[in-house]
There are 2 protein chains.
Amino acid sequence: MSEHRSLPLLGGPPPERSDAARNREALLRAATDLVDHCGVEAVTMDAVAARAGVGKGTVYRRFESREGLMAALLNHSETAWQASVLSGPPPLGPGAPPMERLLAFGRSRIETNLKHGDLITAAGHSGARAYAAMSFAAMHVRYLLTQLGVHGDVPILATSLLAPLEIVILQQQTHIEQIPVDRIERAWDDLVRRVVSADAHPGAAGRR
Amino acid sequence: MSEHRSLPLLGGPPPERSDAARNREALLRAATDLVDHCGVEAVTMDAVAARAGVGKGTVYRRFESREGLMAALLNHSETAWQASVLSGPPPLGPGAPPMERLLAFGRSRIETNLKHGDLITAAGHSGARAYAAMSFAAMHVRYLLTQLGVHGDVPILATSLLAPLEIVILQQQTHIEQIPVDRIERAWDDLVRRVVSADAHPGAAGRR
DNA sequence: AGGCTAAACGGACCGCAGTCCGCTTTCTAT
DNA sequence: ATAGAAAGCGGACTGCGGTCCGTTTAGCCT
């Protein structure tokens with residue numbers, strides 16, 4: 001017997017076959033082109049497959065679903081954004097005081113979310129990505145809130161601060177209620193200051 | 001000439017023909033049965049039409065789209081809920097102090113949203129209904145915040161407090177992160193107290 | 001080189017949302 | 001009662017997301 005297929009120890013998921021890798025490239029390129037060129041709604045699975053010169057089944061093999069494909073497109077900019085939060089220049093990146101970082105975080109997130117609005121909507125709640133993106137942001141906000149000396153249920157507080165930055169809320173405000181972006185940003189600043197400052201005045205309206 | 005068709009003065013939208021009314025009834029009944037019986041995802045337009053004994057086109061004539069149909073189903077419970085906010089017993093209805101009403105509002109909204117989660121998701125952002133529902137809740141929260149002496153951008157503050165009660169956030173928390181509902185409710189209480197109490201300590205962390 | 005296997009491929013196929021248009025019913029005015 | 005017109009109706013049709021399965025191909029082992 002000869003049982004060793006590439007040291008399965010810690011191999012994680014097996015590597016990708018060369019044709020598969022080539023097709024994933026071609027598909028991402030095709031999808032990107034379609035988005036830039038005709039808008040998100042023109043990105044049908046058939047169109048992407050045809051443009052990449054592969055069969056439809058292949059698209060589904062690489063990216064679970066249409067939402068998965070959109071999530072993959074989003075991945076580039078999302079990763080770049082995370083990097084600039086983790087190691088970019090202040091005040092978004094490390095180096096500024098926590099409150100300034102938090103406010104910069106909010107502004108930045110509002111802007112990126114609005115920029116990729118259609119894509120985010122199309123990506124929906126595509127399991128992995130949505131969860132990863134959310135949990136990164138939530139982790140960061142939890143960290144900053146703790147730095148700021150906030151007590152209480154910090155995980156849920158973080159989620160609550162993040163909720164008004166979700167694309168569905170932002171689009172309601174900008175597209176339907178015609179609220180200018182900088183007003184939304186100022187209002188988030190205010191919200192954050194209110195939440196954080198409560199810990200500077202304990203016993204305000206009931207213990208927590 | 002004989003031009004008077006039922007006093008168009010203030011007539012609003014013309015009344016419904018009797019067969020149309022009958023069919024709308026039948027369709028709502030069929031849809032409700034399907035939801036109770038097989039779940040929301042079993043409510044296909046063909047199934048509803050067939051069960052009501054009408055053609056598919058008729059479904060679309062009455063309710064713009066699938067989302068519109070779902071919104072119509074939601075309408076019953078939504079209206080009842082609005083009534084209990086406007087004129088039900090305290091603390092949700094009028095009579096209790098504003099803070100108690102606000103906290104009761106949050107708990108009630110969390111529970112109803114979770115109860116009708118699938119339906120709300122299926123109804124999506126179906127123009128009219130979603131907007132009406134949101135704006136009712138927003139109006140109520142704006143009113144209570146004002147009563148509580150909150151200063152600042154109250155409209156957006158209200159939206160920000162409502163955002164964590166949206167179904168997409170609640171389902172993330174309960175279904176994926178396994179957070180128990182009463183913890184979410186307590187966290188919202190805390191959030192509201194923080195936001196409101198900031199006005200009791202002006203100059204907290206920067207003017208607004 | 002040659003062959004073996006697992007992975008990848010492609011496109012026919014299915015179900016459902018939404019549209020379209022020729023036919024039928026209701027209502028009203030005579 | 002009856003005729004005319006507007007509103008309603010129904011189901012065939014289109015387009016898209018997603019699945020399935022017989023065929024092809026890359027990578028490895030001898």
Side-chain angles (χ1 to χ4, degrees), chain A residues 1-8 11 13-27 30-31 34 38-72 121-127, chain B residues 1-8 11-27 30-31 34-35 38-72 121-127:
Chain A
M1 80 284 281
S2 53
E3 82 311 344
H4 65 107
R5 53 176 56 268
S6 75
L7 292 204
E16 203 167 47
R17 235 168 66 171
S18 64
D19 53 346
R22 213 172 335 115
N23 283 339
R24 113 110 72 2
E25 277 296 300
L27 286 167
L34 278 174
C38 318
V40 170
E41 58 287 347
V43 183
T44 72
M45 298 306 256
D46 291 281
V48 173
R51 187 168 185 123
V54 304
K56 203 202 240 192
T58 304
V59 189
Y60 281 94
R61 177 176 317 282
R62 287 286 149 275
F63 316 92
E64 283 269 286
S65 61
R66 188 185 132 99
E67 294 192 348
L69 174 58
M70 297 305 187
T121 300
H125 307 291
S126 182
Chain B
M1 80 279 288
S2 54
E3 80 312 341
H4 66 108
R5 54 175 61 267
S6 75
L7 292 204
E16 206 167 45
R17 238 168 63 171
S18 64
D19 53 346
R22 214 171 334 114
N23 283 338
R24 111 111 62 27
E25 278 296 300
L27 286 168
L34 277 175
V35 169
C38 317
V40 170
E41 58 286 345
V43 183
T44 71
M45 298 306 257
D46 291 280
V48 174
R51 189 169 184 121
V54 304
K56 200 201 232 184
T58 305
V59 189
Y60 281 94
R61 176 176 316 284
R62 287 284 150 271
F63 315 93
E64 284 267 285
S65 60
R66 189 186 131 99
E67 294 192 349
L69 174 58
M70 298 304 188
T121 299
H125 307 290
S126 183

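Naming convention: chains lettered A, B, ... in sequence-line order (proteins, then strands); numbering from 1 in each chain.
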Not counting sequence neighbours, which residues clear side-chain contact (heavy atoms from CB on, under 4.5 Å) with [X]? List them please.
| X | result |
| --- | --- |
| B/Ser65 | B/Glu67 |
| A/Ala122 | A/Val40, A/Arg66, A/Met70 |
| B/Ala42 | B/Cys38 |

Spacing of OG1 belonging to B/Thr44 relative to NZ belonging to B/Lys56, to within rounding of 0.5 Å: 8.0 Å
Residue A/Thr44, side-chain atoms from C-beta onward, closest of D/dT19, D/dG27, D/dC16: D/dC16
Selected nucleotide, minimal atom distance to B/Arg66 side chain, candidates D/dA26, D/dT19, C/dG18: C/dG18
If I compare all heavy atoms of [X] with all of [Y], which pair ends up nearest, and what's the gap?
| X | Y | answer |
| --- | --- | --- |
| A/Ala31 | A/Val43 | O-CG2, 4.3 Å |
| B/Ala71 | B/Ala123 | N-CB, 3.9 Å |
| B/Phe63 | B/Gly68 | CB-C, 4.1 Å |
| B/Thr58 | B/Asn23 | CG2-ND2, 4.1 Å |
| B/Val48 | B/Ala30 | O-CB, 3.9 Å |

Does [N] have OP1 or OP2 sitting under 4.0 Å from an N or O in the side chain of [X]?
| X | N | answer |
| --- | --- | --- |
| A/Ser65 | D/dG17 | no |
| B/Arg62 | D/dC9 | yes |
| B/Arg24 | D/dG8 | no |

[atom1] of [X] versus [atom2] of [N]: gap in Å, rounded?
| X | N | atom1 | atom2 | answer |
| --- | --- | --- | --- | --- |
| A/Glu41 | C/dG18 | CD | C1' | 17 Å |
| A/Glu64 | D/dC20 | CD | C1' | 15 Å |
| B/Leu27 | D/dG8 | CG | P | 13 Å |
| B/Met45 | C/dC20 | CE | P | 16 Å |
| B/Phe63 | C/dG18 | CZ | C1' | 16 Å |
| B/Glu67 | C/dA17 | CD | C1' | 11 Å |

Identify all pairs in which a protein N or O lies below 3.5 Å from an N or O of nucleotides 23-25 of chain D, and state each distance.
| from | atom 1 | to | atom 2 | distance (Å) |
| --- | --- | --- | --- | --- |
| D/dT25 | O2 | A/Arg17 | NH1 | 3.4 |
| D/dT25 | O2 | A/Arg17 | NH2 | 3.3 |

Each nucleotide N or O in nucleotides 1-5 of chain D that has a protein N or O under 3.5 Å away: list the pair and distance.
none

Listed pairs under 3.5 Å, donor-acceptor, residues 14-22 of chain A side chains, sequence neighbours left out:
| from | atom 1 | to | atom 2 | distance (Å) |
| --- | --- | --- | --- | --- |
| A/Glu16 | OE1 | A/Arg24 | NH1 | 3.0 |
| A/Glu16 | OE2 | A/Arg24 | NH1 | 2.3 |
| A/Glu16 | OE2 | A/Arg24 | NH2 | 3.4 |
| A/Arg17 | NE | A/Asp19 | OD1 | 3.3 |
| A/Arg17 | NH2 | A/Asp19 | OD2 | 3.1 |

Short N/O separations, protein against nucleotides 10-13 of chain C, under 3.5 angstrom:
| from | atom 1 | to | atom 2 | distance (Å) |
| --- | --- | --- | --- | --- |
| C/dG10 | OP2 | A/Gly55 | N | 2.9 |
| C/dG10 | OP2 | A/Thr58 | OG1 | 3.0 |
| C/dG11 | O6 | A/Gly57 | N | 3.3 |

Pairwise 5' ranking along DNA chain C for A/Glu16 and B/Arg22, keeping only the more 5' one: A/Glu16
